[in-house]
There are 2 protein chains.
Amino acid sequence: MSLRHAILVLLQDEEASGYDLAREFANSIGLVWNATHQQIYLELGKLNEQNMVHYRHVPQDGKPDKKLYRITDEGRQELVRWLRRPAAPARVRDAFMVKVAGGALADPETLLGELDQLVQQRKERLANFEAEARKLERQSEGNSRFQHLTLRRGILDQEAWLAWAEEVREVLEDTLNHQH
Amino acid sequence: MSLRHAILVLLQDEEASGYDLAREFANSIGLVWNATHQQIYLELGKLNEQNMVHYRHVPQDGKPDKKLYRITDEGRQELVRWLRRPAAPARVRDAFMVKVAGGALADPETLLGELDQLVQQRKERLANFEAEARKLERQSEGNSRFQHLTLRRGILDQEAWLAWAEEVREVLEDTLNHQH
DNA sequence: ACTGCTTATACAACGGATTGCGCAGGCACA
DNA sequence: TGTGCCTGCGCAATCCGTTGTATAAGCAGT
């Protein structure tokens with residue numbers, strides 16, 4: 001139960017709309033904590049009721065109006081309390097990995113195809129993270145060092161995954177050759 | 001929705017009780033797909049109703065009786081169908097990482113303490129995986145190559161995390177020194 | 001003109017997942 | 001003797017999360 005805290009962390013530096021937050025969850029933080037916009041809007045509603053965040057209504061033309069949320073003192077206090085408590089253990093849910101574990105039953109061609117797609121995606125993400133990291137390295141204010149760490153995690157993660165993918169490819173291609 | 005498939009994958013090689021599965025979810029596969037015993041028992045019940053698995057009742061003395069589950073042909077067919085379909089995207093939920101992202105607010109000492117604990121845990125896990133991998137390398141039957149890949153993923157993942165942890169430590173210690 | 005993407009918010013329904021509780025006996029340690 | 005941990009199974013309540021649907025307007029491409 002701490003989508004709320006992830007949201008509060010993001011609101012620490014900037015005022016943002018639900019939509020803004022959804023985009024951030026799809027990128028940097030998304031590697032480590034994911035949420036859909038419905039969840040985010042719901043949670044923002046609750047956080048607002050509990051006075052952890054406040055928002056101001058911003059009319060726009062051309063685009064729909066938006067609500068810009070900012071963290072309150074109460075929200076910041078809650079964040080600090082949470083930071084002090086030990087974190088919940090990390091959870092992962094990677095269906096492709098489960099597939100590889102059960103790989104003996106699968107046909108290697110299909111898995112190889114899927115592997116290629118995933119490699120492609122991960123490479124793109126890696127490039128994004130690296131670009132963002134370079135941006136951050138130029139400007140160095142306040143907690144940019146911590147944001148940089150977030151990106152470093154993403155980078156190391158993608159690299160590790162890609163290295164693993166090459167090992168998987170070898171095994172799959174080998175299985176393929178032995179079948180024919 | 002595929003805890004069911006993770007279970008079927010595990011039952012591919014061996015007959016197992018709910019308790020056995022729970023332990024496996026806590027270890028090797030657990031890195032990539034986690035589930036509590038309640039979930040597992042529930043899912044085993046459903047899988048049994050749908051004839052994807054069958055079980056035999058094994059009385060024990062000293063210990064409570066157990067149910068040893070095995071996969072059926074229907075279960076194997078369902079697994080193969082699932083393996084053909086594209087996998088759901090990987091999801092991660094790492095609270096400690098969120099903490100680091102919001103690190104500017106936290107006091108570095110507490111985070112450093114937590115970091116040490118996590119490093120300890122990860123190192124232990126790494127040692128376990130490496131030991132298991134060495135075991136598997138000696139004996140090489142059927143799908144042991146795929147099991148080996150599972151372990152390799154675990155190993156690469158821990159290594160990447162530990163490398164990242166060192167970067168985090170540097171930043172945290174630096175923040176600490178600038179405060180005093 | 002039509003399709004699809006982007007910005008923006010939100011409700012409703014369902015199913016998946018966690019948390020809490022309960023039972024049951026054995027073994028180890030203080 | 002008490003405490004806590006391990007083996008084993010399971011129900012109930014609640015909460016989290018996903019999917020589907022809705023509205024609304026602009027902009028880009030075919």
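Chain letters run A, B, ... following the sequence lines, proteins first, then strands; residues in each count from 1. All values below were derived from every heavy atom in this structure, side-chain atoms included, with hydrogens, water molecules and symmetry-related copies excluded. Owing to the predicted nature of the structure, the values given are computational and were not obtained by experimental measurement.
Residue whose closest nucleotide on DNA chain D sits further toward the 5' end, between A/T36 and A/P64: A/T36. Summary of the strand contacts: A/H37 and B/K66 both lie near DNA chain D, and taking for each the nucleotide with the nearest heavy atom, the more 5' one is attributed to B/K66.
Remark: P of C/dC5 and OH of A/Y19 are 12 Å apart, rounded to the nearest angstrom. In this structure, A/D65 atom CG and D/dT23 atom P are separated by 18 Å, rounded to whole Å. Residue B/I40 contributes atom CD1, which lies 10 Å from atom P of C/dT18 at whole-angstrom precision. The nearest whole Å value for the distance from the OH atom in B/Y55 to the P atom in D/dC9 is 11 Å. One atom, CD of B/Q60, and another, P of C/dG26, lie 13 Å apart when rounded to the nearest Å. Between the CD atom of B/Q38 and the P atom of D/dA13 there is a distance of 15 Å, given to the nearest Å. Separating the CD atom of A/E43 from the P atom of C/dC11 is a distance of 14 Å, rounded to the nearest angstrom. The NZ-P distance, from B/K46 to C/dA17, rounds to 9 Å in whole Å.
From one end of the helix from C/dA1-D/dT30 to C/dA24-D/dT7 to the other, with five pairs defining each end axis, the axis direction shifts by 30° (rounded to 10°).
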Hey, can you pull the donor-acceptor pairs under 3.5 Å for the side chains in residues 40-53 of chain B, sequence neighbours left out?
unit_1: B/E43; atom_1: OE2; unit_2: B/R4; atom_2: NH1; d: 3.0
unit_1: B/Q50; atom_1: OE1; unit_2: B/R4; atom_2: NH2; d: 2.7
unit_1: B/N51; atom_1: OD1; unit_2: B/H54; atom_2: NE2; d: 3.4

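A/Q38 is linked by a side-chain contact (heavy atoms from CB on, under 4.5 Å) to A/T36, counting only residues two or more places apart in sequence or in another chain.
The aromatic rings of A/W82 and A/H5 sit parallel, their planes meeting at an angle under 30°, below the 60° perpendicular limit.
Between A/K63 and C/dT9 there is no side-chain polar atom (N or O) within less than 4.0 angstrom of OP1 or OP2. For A/R93 and C/dG16, the shortest distance from a side-chain N or O to OP1 or OP2 is not below 4.0 Å. Under 4.0 angstrom from either OP1 or OP2 of C/dT18 there lies at least one side-chain N or O belonging to A/R91. Checking the phosphate oxygens (OP1, OP2) of C/dT9, a side-chain nitrogen or oxygen of A/Y41 falls inside 4.0 Å. Using a 4.0 Å cut-off, no side-chain N or O of A/Q39 falls inside it from OP1 or OP2 of D/dC16.
Checked for salt-bridge contact, A/D94 and B/R91 miss the test: no charged N lies under 4.0 Å from a carboxylate O.
A/V98 and A/V92 fall into different hydrophobic clusters, where Ile, Leu, Val, Met, Phe, Trp and Tyr are joined by side-chain heavy atoms under 4.5 Å apart, directly or via other members.
Looking at A/K99, its side chain does come within 3.5 Å of a backbone N or O of B/L83 through a donor-acceptor pair.
Here NZ of A/K67 is found 15.5 Å from CZ of A/R70. Values are rounded to the nearest 0.5 Å.
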